[in-house]
Each structure stands twice: as C-alpha cells, then as structure tokens.
Amino acid sequence: MKKAVFVFLAFFLVFSAARAWSQTHSDAFAEKIYDPGKRKPTDSRLKVELGEKAPDFTLPAISGDHVTLSQYRGEKNVVLSFVPAAWTPVCSDQWPGYNIVEAHFAEHDALLLGISVDNIPSLHAWTQQMGTLWFPVLSDFWPHGAVAEKYGILRPEGISERALFVIDKKGIIRYISVYNINKRPPLENLLEALERLKQ
Amino acid sequence: MKKLSLFTVLLLLFFSLPSASAASKKAPPKADDAFPAIALPMPQSPEHQNYLGLSGDKNSFAIQNIQTKVLIIEIFSMYCPHCQREAPEVNALYRNIRNNADLADSIKIIGIGVGNTAFEVDVFRKKYDIAFPLFADPEFTIYERLGSVRTPYFFVLTITENGPGKVIYAELGGIDGAKNFLEKILHLTRKPGDK
C-alpha cells in the first residue's frame, strides 16, 4: 500500500510541476512555439563574479561575421543576453522587447549581444520572426555551449540559463542576472544596471 | 482486494486532477459571450481619467465604469513584434474615433500589457507615442481570465449600466487597417433597422 501511495505522490508531483504556466507569446510566432513546460528555475553554478574580467570569446553571428567580446574593449559597454532555446515561449518574447529599446542602450554607450546554444540556421529562422534586430545574434552551438560553460550558466540539459551580464568598457563584469528560466527578467532591472555604469 | 481498491481510488483521484492543458486553457470570450468583470488600476494621468470618464481617489475601477457604449481592448505585450508593428495603426484607429464627434464619446480604447510591468508598458507607450490608456498586467491575472490569448488580440464589447455587456468582436491578430476596423465595429454595433 505504501508503494501505491508513493507512486501516486510521485506522479502528482511530476504532473503538478508540468502544469501549464502563464507566459504570453506573440502571434508573430503563430503555432510554431514549442512549450517545454516548467523547468527548474536555475540549474548551474556561476564561474564568474562581479568585478572580475569577463572571459573572452569569439562566436559566429547569424550575419556570417564572427564577434569577439574583447573587440569592444575601451569602446563600448556590452550586455550579454543568454537565452535558453529558440522557438520556446519566454525566449521568443525577450529579444523583440530589447529590439525597441536601442535608444536606451545607445544612451549608455552599450551594445547588446544575443547568445543561445542553438545552431545558426535555427537562430536565423527564429529571429526572422522578430523583425529586423539591431543587435548581433551569436550561436554558442559548437563546441556545444562552450561560452555558457565558461561563464558557468550551462545547464545539465545542454541549454543555457536565462542570463544577463553587463560588461563595462574595461571588460569588467558589472552586473549578473541568472533569472528564473521560466520567466522574463523585467526590463527595468537591466536598464537600472546600465544606469549604474555611470556611477 | 483492499489494496487494489485503495490503489484504484488513488488512480481515479489522480485522473480527476485538472490536466496540464485544462488547468490554464480557459477559452477566451467570443462574440455574444458575456465579458468577464475585470478591474484595472486607476490611471495616474488626468487626461486618461478624463478620457475614460473616471473620477474619485480609488486605486482601481471596474471596466463597466468607463463612460462609453463600446470599449475596444487591445491585449498586447511590449515584447511582441506584431504588437509593435501594429501600434501605429491602433494609434490611427484611436485618432479616427477621437476626431469624429459622433463617435468620440461612445467608443473608447484601452490596452492591457499582459506579462508586462508598469515600466515596460510605459516603454511601449513612449516608443509608439500612444495616447490612449495602457494598463499593466504583470502577474497575468487578467490574461488568464481572458483565456490566455496570444498577442495582439482585440476584444470589442458593449458597456452597460449593469456591467460589461456582450462581446461583439474577439479576434487574434492585428486590426487590418484602422479604417476597416472602425467600419467593422460600426457595422457590428448597428442595431437592426438602423441605416
């Protein structure tokens, strides 16, 4: 009997965790969005800290260029926006929001690099639905999630956390947000972090 | 036997739980349905209070208190590319109604930014220079009551003295041009016998 109760409780917990949760998605993606269900909010251990030099990397962009973080050293503040996966609900509505606040980034002499572990063709198809993005979108596909791993935000299932890093012109990490993967970080948190760069 | 029946009871109990889809998939109100009674925070700006015909120092108001016969509700998100592209057309719709003396007092528009914070709604308002009132629904409360629709989604409903009336239009997607949309709404609100 105990076994039956245990089985029931286990099923109950699994299914409760998988129950649908509210996240909007734009009709721009129509029925193409895959809902992975609710995931463990965070599932990795950071390998970088505030005040440290940001690990350098070079990644291919969907434009065909390669982008190296250190190329902006001395010129621009850089925001890294890691999103877990293309074609999923929260991620699909995150970068289009950043797409309408280019002026806020410019005001803080900052640029944005969008990064995911998806491959270039998937990222290309996905971001086409978002309109014309003003910022580069980089693929951390191969070696799989190597940059996410370097920053300590690669999850066991091979996707990155939903994470934001603000790196100043000296290459120093000034803001880190590893947000609940199931939710979108409020825009004001990031803009306040950019504001603090002036201090 | 005892074990079996207890296990069966547990199984039945399990399958009687709301399923993943059933739990959140409340159907959105459609044409001729009654629109749910929803409350919104009182707008801060006097212009918006005037536009909606609201007064008093309450923190919130019920949508049936909006002084209008017909209410257009745009469900949007600052993060939604379609909503961004549609914003100038919805502004045109608002202007067309405001500039028409016969319609200005009887058709009003509001927007509800679902999953958006007040700050994010404000970013959207400033970016697209939106003059009609926008409200934030950061915790998806209204979103869930309205059937968790994709964005943008437009509801048009009548407002009566007794509460929100019936839905006369409910569609996913854009408005297909401000002029077309207004004509459609006027057609739908026309009483039999009207010319």
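In what follows, every chain begins at residue 1, and chains take the letters A, B, ... in the order their sequences are listed. The analysis underlying the following values was restricted to heavy atoms, covering all of them including side chains, and did not include hydrogens, waters or symmetry mates.
- Under the 4.5 Å side-chain heavy-atom criterion for grouping Ile, Leu, Val, Met, Phe, Trp and Tyr, B:Y51 is connected to B:L54 within one hydrophobic cluster.
- The number of heavy atoms from other shown groups lying within 6.0 Å of NZ (B:K69) does not exceed 12.
- Criterion: ILVMFWY side-chain heavy atoms under 4.5 Å apart, direct or through other members. Under it, A:Y72 and A:F105 are not part of a common hydrophobic cluster.
- Cluster membership check: B:L157 shares its hydrophobic cluster with B:I75, using side-chain heavy-atom separations under 4.5 Å among Ile, Leu, Val, Met, Phe, Trp and Tyr.
- A distance of 11.0 Å separates CG in A:L187 from CG in B:D122, rounded to the nearest 0.5 Å.
- Going from atom CH2 of A:W95 over to atom OH of B:Y79 covers 14.0 Å, rounded to the nearest 0.5 Å.
- Summarising the geometry, atom CG belonging to A:N99 is positioned 8.0 Å from atom NZ belonging to B:K127; distances are rounded to the nearest 0.5 Å.
- Residue-environment remark: CG (B:D129) stays at or below the threshold of 12 foreign heavy atoms within 6.0 Å.
- By the 6.0 Å contact criterion, CH2 on A:W134 is enclosed, its count of non-hydrogen atoms from other residues, nucleotides or ligands being greater than 12.
- A donor-acceptor contact shorter than 3.5 Å links the side chain of A:R184 to the backbone of B:G115.
- The structure places NZ of B:K126 at 12.0 Å from CD1 of A:I100, a figure rounded to the nearest 0.5 Å.
- Atom CD of B:Q84 sits about 11.0 Å away from atom CE of A:M130, to the nearest 0.5 Å.
- Neither the backbone nor the side chain of B:Y153 comes within contact range of chain A; no heavy atoms are under 4.5 Å apart.
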